[in-house]
Amino acid sequence: MDTERHFSSDVAFSRSVKEIQERKGSRKSYARVEERGGWATAITPDLKDFIEKQISIFMATANKECQPYIQHRGGPPGFLHVIDETTLGFADYIGNRQYITQGNLADNDKAQLFLIDYGSRTRIKIWGTAKVVENDAALLEQLTPKGYQARPEQVILFHVEAWDANCPQHIPLRFEADEVLKAIESRDARIKELEAEIATLKSAASAGV
């Protein structure tokens, strides 16, 4: 298997992928991306802002038999920390204790993060390697969201090798419940203000003012 990389995007565009792109007519456009060096390999300020707003992410790993596995992780905004321009980290909470992701990473450190924001119709794919850090109380405390009701067990650190943003096509427009609630509360408050103004105007009209 050809694992040599010439461009950062080769993390996804293997020889087989490129052959299919050539056959289906998209290779030239992706070759232009490669001419510019491929995908970004460092976290930009805009990506950092996007990452730190997320409350839900998906992490993909595979075991030594190449069996893939996708695990969901969530928390308050900022639970996924940008430690530096190539490192992400988050506290891993005690759950069903299957430890599939940890076992996969013990055999194969390659991983991917998939971030999707339905409100802005944005999705980001991040390729890299990951590792589980146990028995580091200081790091665990640093990455655990303050006041979040969960039991942190260990830390997952993710080293970024490349990332890419998808187009918004086919992403359904959805909003988080708290965002909808805030919008409803704001609307209701405005309605009350208008009702009070109307009542004042009616009272003034009745009094012949």
Side-chain angles (χ1 to χ4, degrees), residues 1-74 79-90 100-132 156-176:
M1 182 173 60
D2 182 8
T3 58
E4 183 180 0
R5 296 181 191 170
H6 301 283
F7 310 101
S8 58
S9 48
D10 284 350
V11 69
F13 294 163
S14 65
R15 179 183 298 174
S16 296
V17 170
K18 291 181 180 182
E19 288 174 355
I20 295 172
Q21 289 174 349
E22 185 69 38
R23 177 165 58 85
K24 297 198 173 187
S26 62
R27 178 91 283 269
K28 287 184 179 179
S29 63
Y30 289 117
R32 287 194 290 271
V33 174
E34 293 169 350
E35 289 170 4
R36 298 192 295 269
W39 291 332
T41 58
I43 299 168
T44 62
D46 286 345
L47 179 59
K48 180 178 185 294
D49 181 64
F50 179 81
I51 288 172
E52 293 181 342
K53 290 178 180 176
Q54 301 312 299
I55 60 174
S56 178
I57 65 172
F58 296 92
M59 182 173 181
T61 58
N63 61 23
K64 61 183 178 181
E65 285 81 29
C66 300
Q67 176 63 49
Y69 178 69
I70 298 177
Q71 187 170 52
H72 172 264
R73 281 290 178 263
F79 86 95
L80 179 59
H81 293 253
V82 177
I83 297 174
D84 57 46
E85 65 177 10
T86 59
T87 310
L88 304 174
F90 61 92
I100 298 174
T101 294
Q102 184 169 359
N104 286 356
L105 291 175
D107 291 336
N108 176 6
D109 66 353
K110 291 181 173 57
Q112 186 192 46
L113 294 176
F114 187 89
L115 284 57
I116 184 165
D117 187 311
Y118 293 98
S120 64
R121 287 179 169 156
T122 303
R123 52 187 167 186
I124 302 291
K125 301 174 294 187
I126 308 175
W127 284 266
T129 58
K131 65 178 180 180
V132 175
I156 293 182
L157 294 179
F158 188 99
H159 174 72
V160 176
E161 293 185 359
W163 65 271
D164 183 43
N166 278 104
C167 71
Q169 189 176 20
H170 306 304
I171 299 178
L173 183 61
R174 297 176 181 172
F175 298 98
E176 299 297 330

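In terms of heavy-atom proximity, G74 sits nearest to F79 at CA-CZ, 3.7 Å. Residues A130 and I156 approach most closely at CB-CG2, 4.4 Å, considering heavy atoms. When all heavy atoms of T129 and E161 are compared, the closest pair comes out as CG2-OE2, 3.5 Å. Shortest non-hydrogen contact noted between M59 and A111 is CE-CB, 4.0 Å. A pairwise comparison of heavy atoms in I70 and A60 identifies CG1-CB, 4.1 Å as the closest pair. In plain terms, the two heavy atoms of G37 and S8 that are nearest each other are O-OG, 3.5 Å.
Counting only distance, with no hydrogens or angles, the side chain of R121 and the backbone of I171 share a donor-acceptor pair below 3.5 Å. The backbone N or O of D84 lies less than 3.5 Å from no partner atom in the side chain of T87, so there is not a single donor-acceptor pair. No donor-acceptor distance shorter than 3.5 angstrom exists from the side chain of D49 to the backbone of D46, with no hydrogens or angles considered. Remark: side-chain polar atoms of T122 are not paired, donor with acceptor, to backbone N or O of D117 under 3.5 angstrom. Using modelled atom types, no side-chain atom of W163 and backbone atom of W127 make a donor-acceptor pair closer than 3.5 Å.
Taking CD1 from I124 and CD1 from I57, the interatomic distance works out to 13.0 Å, rounded to the nearest 0.5 Å. One finds the CZ atom of R27 at 10.5 Å from the CZ atom of R32 (value rounded to the nearest 0.5 Å). How far CD1 of I51 is from CG of L113: 8.0 Å, rounded to the nearest 0.5 Å. I43 CD1 to T86 OG1: the interatomic distance, rounded to the nearest 0.5 Å, is 7.0 Å. With values rounded to the nearest 0.5 angstrom, R123 atom CZ is found 9.5 Å from Y118 atom OH. Separation of atoms CD (E35) and CZ (F7) is listed at 8.0 Å; rounding is to 0.5 Å.
Contact annotation: the side chain of N166 approaches that of K125 to within less than 4.5 Å [non-hydrogen atoms, C-beta and beyond]. The shortest distance between side-chain heavy atoms of E34 and D10 falls below 4.5 Å. At least one side-chain heavy atom of V160 sits less than 4.5 Å from a side-chain heavy atom of L88. V33 places none of its side-chain heavy atoms less than 4.5 Å from the side chain of D164.
Between K18 and the choices R15, Q21, E22, the side-chain contact (heavy atoms from CB on, under 4.5 Å) rule is met once, by Q21. In summary, of the residues considered (R73, E176, H72), a side chain to side chain donor-acceptor pair (under 3.5 Å) with S56 occurs for H72 alone. None of E52, K53, Q54 except one satisfies the side-chain contact (heavy atoms from CB on, under 4.5 Å) rule with F50; the exception is Q54.
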